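Below: one structure, written as structure tokens.
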Amino acid sequence: MAKKNKQAKKSGIGFKWIFLSVFFLAFMIMFMPTTFLLAVGLLPTFVAIAVDREPGRNKSFTIGAMNFSGCFPYLLGLWTKSNSMDQVMGYIADPKTIIVMYSAAGIGYLINWLVTMGVSSILVQRSRMRIKKIEEEKKALEERWGKHVNGSYDLDDLGFIIEKPAA
Amino acid sequence: MTEESAPEEEIETSPEDSREEVANDTKPEEEEKRKSDVLLNKDIQILYQEPMAHLHKGKIRAYRAVGRNKVVSDLVAFVCHKSLTPRRIASIKYGKVANPNIAKLVTSDTVVWPDTGEEHFCFVYENTLGQPIWKSYEKHPALGWKPDMVLENIAHPIISILMDLRDKDLVHGEIWPGNMFFSSTVSSPQQTSEKIKLGECLAAPASSQLPALYEPIERALASPTGRGGGTFADDLYSFGVSLAVILRTTDTLQGLTDEEIIERKIEKGSYATLIGKDRLSGGLLELLRGLLYDDPLQRWTLDDVQAWMDGRRLSPKQAPKRVKATRPLLLNNKKYIRPELLAKDMWRYTDEVAKITENGELDQWIERAIEDKILKARMDQLFKEMKSIDRGKGYPERLAVILSTTLYTECPVRYKNLSFIPSGFGKILSEAYVQKHDLQPYIEILKQNFIIQSIRNRRKVVDSSSLISKLDTCRSLINQQSVGSGLERCLYVLDSECPCLSPVFDKYYVQTPEELILAFEKICENSKSQALFDRHVVAFLSVKDRKNIDPYMGEINSAEPHNRVLGQIRTLATIQKRASLGKLPAIAEWVAENLEDVYERFHDSKKRADLREQVEAIKKSGDISKIAALFDDPKLYQSDVHAFHQAMEEYQRIEYEKQLIEEKLKNRKDYGQKTGRQIASVISMFLSVFIIVVTAYVTLMKG
């Protein structure tokens, strides 16, 4: 019975991917100019996705979002004008287009680097302050309760240090 | 408690001071002298620079004293010595004796002596005592007075005194010519017809100031302090000896030591020893013979004396002859034919005694040379029991004691250099403590059964069951090391009138728990760091009144300092409360200074500070109970321990947190990266949306 369910589950997962693949393929064919423009314009994003191993792929998202915003004016131009392959080729052939698209991706890389660095420094600083605070709290506890509050001494039931007999 | 004399301005302001006028007109030298006089309550002043040498008795000193207001003005104060326990309990009975021929007791109390600053107990009497009829302790009198004079001026007064004392159940213990006084400065009986006065007998243990000559044989063998309380029969003997030496014309004992006199008494009897070849008139002869019987059971009683005074002639008692051996026993090259003489010397030659006992020589001598079946039976029983005697260290000394008290049942216990009647052991023990003698022999005596055995051998011992009970108690106490037990407790059990002999009270005379606390108060005024409770103090308090200290004995004996301190504080609080003593600020201050070990029992330093504040606030009130109550609540300690455990947990928690952070910081490069990227993605998202919206708007507007 479990084996049958597993097989059923496996065939379910496979069918879904096939359906999505077919749908995506159909979409590409129907919207070939847009697809081609995005395929070229979002190249930095594809590279980022391929390189980024972090769970959640936040870096890829950062780069991808900026990359897409760089592609969008040309997408909009494509959709409002001829929406043809010729127009796409015209855009791609223009160096300015590639510069804009890829610069936007670059800004994405920059945002990722700067923000990550900044946040990391702040967190490190906060941690160091917390450690300092902890040391102060420990000292205060020792001053109030005695050095044996640190648990490194043998204590009796009432919490007093057990004096070891002299040798 | 008394203090040195008040400064002059205090005397002037006292409206009841009858000497106020004299004080006002006093010259500076006299004023200075008066300032240093000793005040015993507000009515009696002891002139410590005016000793009365003719009344001095050994270590006891007599001083002129002056009474004021309703008190008789001409007084004499006898200042006691700490090594001689005064007879305070007997003084209550003595004070009720209304006989004109005995020193009349006015009062007794503790005074501070000016030159040493030490407290001494003293008795104050009316000064009706002139010169003693005999002044020397070393030489013995042979005054040769006329019998009629002796009968009228000495015998009758003494007999009436003895009767009054008997009515009060009080033994005098110091009847001898050195304690008999003319009532004026006249020194010859021919010049006065006044009766003599008998001096005081309370400033030292009974009989301790009496020369050995005036004691019956068995008491004379004991050391002066170890003679015990004595009996009426002993007083009568002393009286008889006094009469004998006053009447006789020659001293037949001149040059003899006390020991030699005792030996002669044993050989010849007291009467023959004292009177010798003196011929006395028939009137007093009978009295003397009756009083000087060596056997106390044969000796005249007061009733016999009264009958004699009434003119009735008593049938003469045949004094039983002392047992005499048919052949001598040789001990240390000395021949003994009397068991009493042998018994009294056994302590000197213990090794030889052991030898003649082990080889049967002593047994043979008793069996063959002494025809006394009772003695033989006693010794046989002893020889049987000897098999169980430990033959370890000290065996010859122990054997000598047991043999001597069995051979001569009335012999004092003579062990090493000690010699005492059973009831006198407490007094010699207190004397040994004060004089700082070696106490080991006393410990050995208590561990053995010597004294009880001696009591059981004797014919009669006053209050023997009580004494045996005390000695049994001491035998178990002596082996206990805890504070409150040991030899110190035995001291106060056996000598109930002994003051506290703790070194803490070097300058004080403490007789009751209340006086002890008041002495503590004075000591604490001068020093806060001094330890107050030692073995003597604890034993003294426990013996005097168990309720004061016994509930806290466990704490006082605790190995933990804080428990000891709390036990001491609770004891002080209990005594203060029970005696309604009022404020004791100096002791409260001492308590506050000595609570460190108790504070250390609290983990929480804030709680400690809080308790310290409370103690500081209370100590000014001098109420020790309130201070003790601060530490009585068990919840105080429980909550502290609980809070401490919580603090420990908190400590562990933040330590763990720190370790986690430090662990993360080791990978400094990757620290915060994930969070940074997440934030970057959000920023990027918002920025891209903004760009898209703006682009769309601009494009659509153009279009």
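It should be emphasised that the depicted structure is a prediction, and the values quoted were computed from it without experimental measurement.
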Under 4.5 Å from any heavy atom of chain A - which part of Ile683(B): side chain

Chain A and chain B: which donor-acceptor pairs fall below 3.5 Å?
| residue | atom | partner | partner atom | Å |
| --- | --- | --- | --- | --- |
| Glu54(A) | OE1 | Arg677(B) | NE | 3.4 |
| Glu54(A) | OE1 | Arg677(B) | NH1 | 2.8 |
| Thr62(A) | O | Ser684(B) | OG | 2.6 |
| Thr62(A) | OG1 | Ser681(B) | N | 3.1 |
| Ser120(A) | OG | Tyr671(B) | O | 2.5 |
| Ser127(A) | OG | Tyr671(B) | OH | 2.3 |
| Arg130(A) | NE | Glu657(B) | OE2 | 2.5 |
| Arg130(A) | NH2 | Glu657(B) | OE1 | 2.9 |
| Arg130(A) | NH2 | Glu657(B) | OE2 | 3.1 |
| Glu135(A) | OE2 | Lys658(B) | NZ | 2.4 |
| Lys138(A) | NZ | Glu655(B) | OE1 | 2.4 |
| Glu142(A) | OE2 | Tyr651(B) | OH | 2.9 |
| Arg144(A) | O | Ser605(B) | N | 2.8 |
| Arg144(A) | O | Ser605(B) | OG | 3.1 |
| Arg144(A) | NE | Asp604(B) | OD1 | 2.8 |
| Arg144(A) | NH2 | Asp604(B) | OD2 | 2.8 |
| His148(A) | NE2 | His603(B) | ND1 | 3.2 |
| Asn150(A) | O | Gln652(B) | NE2 | 3.1 |
| Leu158(A) | O | His603(B) | NE2 | 2.7 |

Considering residues, nucleotides and ligands other than Phe46(A), do more than 12 of their heavy atoms fall under 6.0 Å from its CZ? yes

Side chain, backbone, both or neither: which part of Leu155(A) has an atom under 4.5 Å from a heavy atom of chain B? side chain

Hey, could you give me each pair passing salt bridge (Lys or Arg N to Asp or Glu O under 4.0 Å) that has a residue in residues 86-103 of chain A? Not counting sequence neighbours. none

Hey, are the side chains of Val641(B) and Phe160(A) touching, using non-hydrogen atoms and a 4.5 Å cut-off? no

Where does Ile111(A) contact chain B at under 4.5 Å (heavy atoms): side chain, backbone, both or neither? both

Whatever's closer than 4.5 Å to a heavy atom in chain B on Leu76(A) counts as side chain

Could you look at Ala643(B) and say if it's the side chain, the backbone, both or neither that has a heavy atom under 4.5 Å from chain A? both

Part of Ile679(B) within contact of chain A (heavy atom distance under 4.5 Å): both

What part of Leu665(B) is in contact with chain A, defined as an atom under 4.5 angstrom from a non-hydrogen atom: side chain, backbone, both or neither? side chain

